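It should be emphasised that the depicted structure is a prediction, and the values quoted were computed from it without experimental measurement. In this chain, numbering begins with 1 at the start of the sequence shown.
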Amino acid sequence: MKQYLSFGGGVNSTALGLWLIDQGIETEWVYADHGADWPETREYVAMLQAKGYPITVLETRRQGLDLYGYYYEHKMVPQRVARACTRLYKLVPLSTYMPTPCEVYIGISADEAHRIPRLIDGQRQGESKLFPLADEGIDRQGCISIIEQHGLPMPIKSGCFICPFQRRRQWLRLRTVHPELYCKAKRLEDNCNARMRELGRQPFYLADKPLDAVCEADQADMFGERDMSPCLCEV
């Protein structure tokens, strides 16, 4: 039976991949590249590939469009309750690539074990999802320790640069470190809301307010206590 690691390029899935290697368990790490992850995540995946880690990169597209292009073409922005990134650009392509019967390792750490039942409920017939980090009691700090023990740099928290669950400090960092991507995010908002105005509807934003308002220097951290969405992007 083929064994896969659902690889997101973040701390948990990287630690899980390394743990599996330490245990002598051979897996194919599969990364769904929808074109809208933070550049640091894509660079980290490329670095691991160059070091010989068994990573397959799927360039996931729909009708030739990457994730950003999909939202722009349809004049939408991702919403917390309706996101194409998880289902259309990650789960569906990964399921298509991983034929059953198979075992799929998921990087859920022990401190996130409450997420496991939902993921098990969503598994396909012939697919067995495995969560060894949680089973072995390895929490987030344990994941960090595994990566450090292997002498690898620490990845950033993986996710899309247009993710509606980003905290204010992440939007600020995007504007500072990747201003071209911040401008793309603003254009996506503007493109969506031009359509909303035509339809006489309320605007949609990537955050709770327009991005420029979110990133005002004197604004309180509206996202300080909010966790990101539990989706495959962040493992």
Using side-chain heavy atoms (C-beta onward) and a distance below 4.5 Å, is [X] in contact with [Y]?
| X | Y | result |
| --- | --- | --- |
| Glu26 | Pro54 | no |
| Tyr31 | Asp37 | yes |
| Leu133 | Ile108 | no |
| Pro39 | Leu181 | yes |
| Glu103 | Tyr105 | yes |
| Leu152 | Tyr44 | yes |
| Thr100 | Gln125 | no |
| Arg175 | Pro179 | no |

Do you know which two heavy atoms are closest between [X] and [Y], and how far apart they sit?
| X | Y | answer |
| --- | --- | --- |
| Leu67 | Ala36 | CD2-CB, 3.9 Å |
| Phe161 | Ala185 | CE1-N, 4.4 Å |
| Thr60 | Pro93 | CG2-CB, 3.3 Å |
| Met154 | Ile147 | SD-CD1, 3.8 Å |
| Gly9 | Ser158 | C-CB, 4.2 Å |
| Val77 | Cys192 | CG1-CB, 3.8 Å |

May I ask you to check whether [X] and [Y] show a side-chain donor-acceptor distance below 3.5 Å?
| X | Y | answer |
| --- | --- | --- |
| Asn12 | Glu112 | yes |
| Trp38 | Gln166 | yes |
| Asp66 | Tyr71 | no |
| Glu28 | Tyr97 | yes |

Take a 6.0 Å sphere around CZ of Arg62 and say whether it holds more than 12 heavy atoms from other residues, nucleotides or ligands.
no
State whether the number of non-hydrogen atoms from other residues, nucleotides or ligands found under 6.0 Å of Gln202 atom CD is greater than 12.
no
Quick one: [atom1] on [X] to [atom2] on [Y], what's the gap to the nearest 0.5 Å?
| X | Y | atom1 | atom2 | answer |
| --- | --- | --- | --- | --- |
| Cys163 | Lys157 | SG | NZ | 9.5 Å |
| Asp121 | Ile116 | CG | CD1 | 12.0 Å |
| Ile138 | Ser145 | CD1 | OG | 10.0 Å |
| Ile156 | Glu43 | CD1 | CD | 9.0 Å |
| Leu18 | His150 | CG | NE2 | 4.5 Å |
| Leu5 | Ile106 | CG | CD1 | 7.5 Å |

Do the side chain of [X] and the main chain of [Y] share a donor and acceptor less than 3.5 angstrom apart?
| X | Y | result |
| --- | --- | --- |
| Arg168 | Val214 | yes |
| Ser13 | Gly8 | yes |
| Gln170 | Arg167 | yes |
| Glu59 | Asp33 | no |
| Lys90 | Ala32 | yes |

Kindly work out whether a path of hydrophobic side-chain contacts (I/L/V/M/F/W/Y, heavy atoms less than 4.5 Å apart) joins [X] to [Y].
| X | Y | answer |
| --- | --- | --- |
| Met76 | Leu199 | yes |
| Tyr205 | Tyr72 | no |
| Val92 | Phe7 | no |
| Met47 | Val177 | no |

Could you note down all residue pairs passing side-chain hydrogen bond (donor to acceptor under 3.5 Å, both in side chains) where residues 178-201 supplies at least one of them, sequence neighbours left out?
Glu40-His178, Tyr182-Asp212, Lys186-Asp212
I'd like to know whether Gln141 forms a side-chain contact (heavy atoms from CB on, under 4.5 Å) with Ser109, so could you lay out the CA-CA distance, the side-chain angles of the two residues, the decisive distance to 0.1 Å, and finally the verdict.
CA-CA 9 Å; Gln141 186 55 50; Ser109 59; over 6 Å; no
Before giving the answer on side-chain contact (heavy atoms from CB on, under 4.5 Å), spell out for Ile162 and Leu206 the whole-Å C-alpha distance, their side-chain angles and the decisive distance to 0.1 Å.
CA-CA 7 Å; Ile162 53 173; Leu206 285 165; 4.2 Å; yes
Check the angle between the aromatic planes of Tyr70 and His74 and answer parallel, tilted or perpendicular using the 30° and 60° thresholds.
tilted
Between Asp208 and Arg80, does any NZ, NE, NH1 or NH2 come within less than 4.0 Å of an OD or OE carboxylate oxygen?
yes
Go through it in stages, so that I can follow the logic: the residues are Leu48 and Trp29, the test is side-chain contact (heavy atoms from CB on, under 4.5 Å), and I'd like the CA-CA distance, side-chain angles, deciding distance and then a yes or no.
CA-CA 11 Å; Leu48 291 176; Trp29 305 11; 4.3 Å; yes
Going through the distances and angles, do Lys129 and Glu127 end up as a side-chain contact (heavy atoms from CB on, under 4.5 Å)?
CA-CA 6 Å; Lys129 291 183 176 178; Glu127 176 185 67; 3.3 Å; yes
Quick one: side chain to side chain contact (heavy atoms under 4.5 Å, CB included) partners of Met98, sequence neighbours excluded?
Tyr4, Val30, Leu94, Cys102, Val104, Arg124
